[in-house]
Amino acid sequence: MSQYRLVQIDGVEIKISNPDKLLFPQANISKWDYVLSCTRLAPFLLPYCKDRHLTTIRYPDGVNNESFFQKNAPAHRPEWVMTKTEGDIEYILLNNTPTLIWLANLACLEFHVSFNVANNPNRPSEVVFDLDPSTDDFSRVVEVALYTREILHQMDLDGVVKTSGASGLQVYVPIEPEYCYEDTRKVNRFIAYYLAEQYPDLITIERRVQHRGDKVYFDYLQHWKNKTLIAPYSPRGKPEATVSTPLKWEELTPALSPKQWTLATVFQRLEQLGDLFQPVYRGPRYVLEPILKFIERHKL
DNA sequence: GCCTGCC
DNA sequence: GGCAGGCAACGCGTG
DNA sequence: CACGCG
Ligand SMILES: [Mn+2]
Ligand SMILES: [Mn+2]
């Protein structure tokens, strides 16, 4: 006696199996709750994901049970799911709400996307700084994000900061999508080395986890072709149902908690503040020639 | 979660 | 009819 | 070249 509900969205019908199954037992969120949450998240989550390669993480039996990554679009999928083949992978494009709801029914709880859009390979649309704490002291990564913004300001750049929904923060600097990853790597590496040198007790660029101590890892290696990062407004497969949430810079205080924004709390925030990621779509897109020339001149 | 192949 | 298996697996930086 | 990492 398989139980299901049908949902109509944007002119298509999607079957939701086992709507009462608890995907987030600790947060008391059922699959049906999750589907409803995804429809509300869609206006915020979809814009960044549009036309980017998707890697999703599925938890068919909820966050406390086994999960697996999925990149390839399953063979038996609705005809309205858009895909893009690169190499031997046919990527799903998370381009519309029905696709999101279809994925929600498959228990996709995390949506990770590429740094470049599919039809502009090798040309990232932002420089992204991935800040990974080594401890649960969130105030340290908050501090690093603020220092990162300081140096961005010194170069007449600015960015948007978001929680990862796990333990870290990420800073997005929109750029003209005409620079290769080798060039954005130079910028990311330069800032990483500079900040690690300036704040040696706080920041490390050490690749070996064992050698990082309690320092924040400035992960300048994450921003690269075929790598992904959790999308803004993506939920996470965590017991608390955290959401990767864009923030106002003024919110970066030592009191900020990484678990503050969840499927239970984020919607009130979105109604009050709207989409804080908007500057990445509508704001200035920076050019990198000045900083690239500076790095070149100083042989860094 | 769902499909496929195999017993 | 029922069960097991697949669903990403590699590129890259550093020692 | 062999790893550790994400
Ligand atoms: Mn991270
Ligand atoms: Mn990282």
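Below, read A as the first sequence line, B as the second, and so on, with proteins coming before strands; counting in each chain starts at 1. Predicted, not measured: the structure shown is a model, and the values here were computed from it.
The phosphate of B/dG1 has neither OP1 nor OP2 within less than 4.0 Å of any side-chain N or O from A/Asn105. Contact annotation: A/Lys21 side-chain N/O to B/dG1 OP1/OP2 distance is under 4.0 Å. Taking 4.0 angstrom as the limit, A/Ser17 places a side-chain polar atom (N or O) nearer than this to OP1 or OP2 of B/dC2.
Considering every non-hydrogen atom in both A/Leu263 and A/Ser37, the closest pair reads CD2-CB, 4.2 Å.
Under the 4.5 Å side-chain criterion, counting only non-hydrogen atoms from C-beta, A/Val171 is in contact with A/Leu152. Side-chain atoms of A/Ile101 and A/Thr97, non-hydrogen and from C-beta on, do get closer than 4.5 Å to each other. Within the 4.5 Å cutoff, no side-chain heavy atoms of A/Ile57 are placed close to those of A/Phe68. In this structure, A/Leu252 and A/Glu143 have side chains that are not in contact, with every pair of non-hydrogen atoms separated by 4.5 Å or more.
Rounded to whole angstrom, the span from the CG atom of A/Asp219 across to the P atom of D/dG4 amounts to 18 Å. Counting to the nearest Å, the P atom of C/dC7 and the CD atom of A/Glu90 are 15 Å from each other. Between the P atom of B/dC3 and the CD atom of A/Gln70 lies a distance of 12 Å, rounded to the nearest Å. Distance A/Leu106 CG to B/dC3 C1': 11 Å, rounded to the nearest Å. Rounded to a whole Å, the CG atom of A/Leu103 is 18 Å from the P atom of C/dC7. One interatomic measurement links the two molecules: CG of A/Asp61 to P of B/dC2, which rounds to 11 Å at whole-angstrom precision. The distance from atom OH of A/Tyr91 to atom P of C/dC7 is 14 Å, rounded to the nearest whole Å. If you measure from atom NE2 of A/His211 to atom P of D/dC3, you get 16 Å, rounded to the nearest angstrom.
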Go along nucleotides 9-15 of chain C 5' to 3' and tag each nucleotide: B for a protein heavy atom under 4.0 Å from its base, S when only backbone or sugar atoms are that close, - otherwise. S--BBS-
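The side chain of A/Asn18 has B/dG1 as its nearest neighbour among C/dA8, B/dG1, D/dG6. Proximity note for A/Gln222 (side chain, C-beta onward) versus D/dG6, B/dT4, B/dG1: the nearest is D/dG6.
Rounded to the nearest Å, the gap between the P atom of D/dG4 and that of C/dA9 is 22 Å. For the P atoms, the distance from B/dT4 to C/dA8 is 15 Å, rounded to whole Å. Only the C1' atoms considered, B/dG1 is 31 Å distant from C/dG11, to the nearest whole Å.
The only option from A/Tyr193, A/Phe218, A/Tyr194, A/Tyr147 that meets the ring pair (Phe, Tyr, Trp, His ring centres under 6.0 Å) definition with A/Tyr199 turns out to be A/Tyr147.
The aromatic rings of A/Tyr172 and A/Tyr48 sit perpendicular to each other, their planes meeting at more than 60°, with 30° as the lower class boundary. Taking the six-membered ring for Trp and thresholds of 30 and 60 degrees, A/Phe115 and A/Tyr181 have ring planes more than 60 degrees apart, a perpendicular arrangement.
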Going through the distances and angles, do A/Asp158 and A/Arg149 end up as a salt bridge (Lys or Arg N to Asp or Glu O under 4.0 Å)? CA-CA 7 Å; A/Asp158 203 0; A/Arg149 191 191 196 201; 3.0 Å; yes
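Applying the salt bridge (charged side-chain N to carboxylate O under 4.0 Å, His left out) test to every pair with at least one member in residues 109-134 of chain A, sequence neighbours left out, gives these pairs: A/Arg52-A/Glu126, A/Glu110-A/Arg236, A/Glu126-A/Arg285.
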Pairing string, 5' to 3', for DNA chain C - Watson-Crick or wobble contacts under 3.5 Å, brackets [ ] where pairs cross, | to another strand: |||||||..||||||
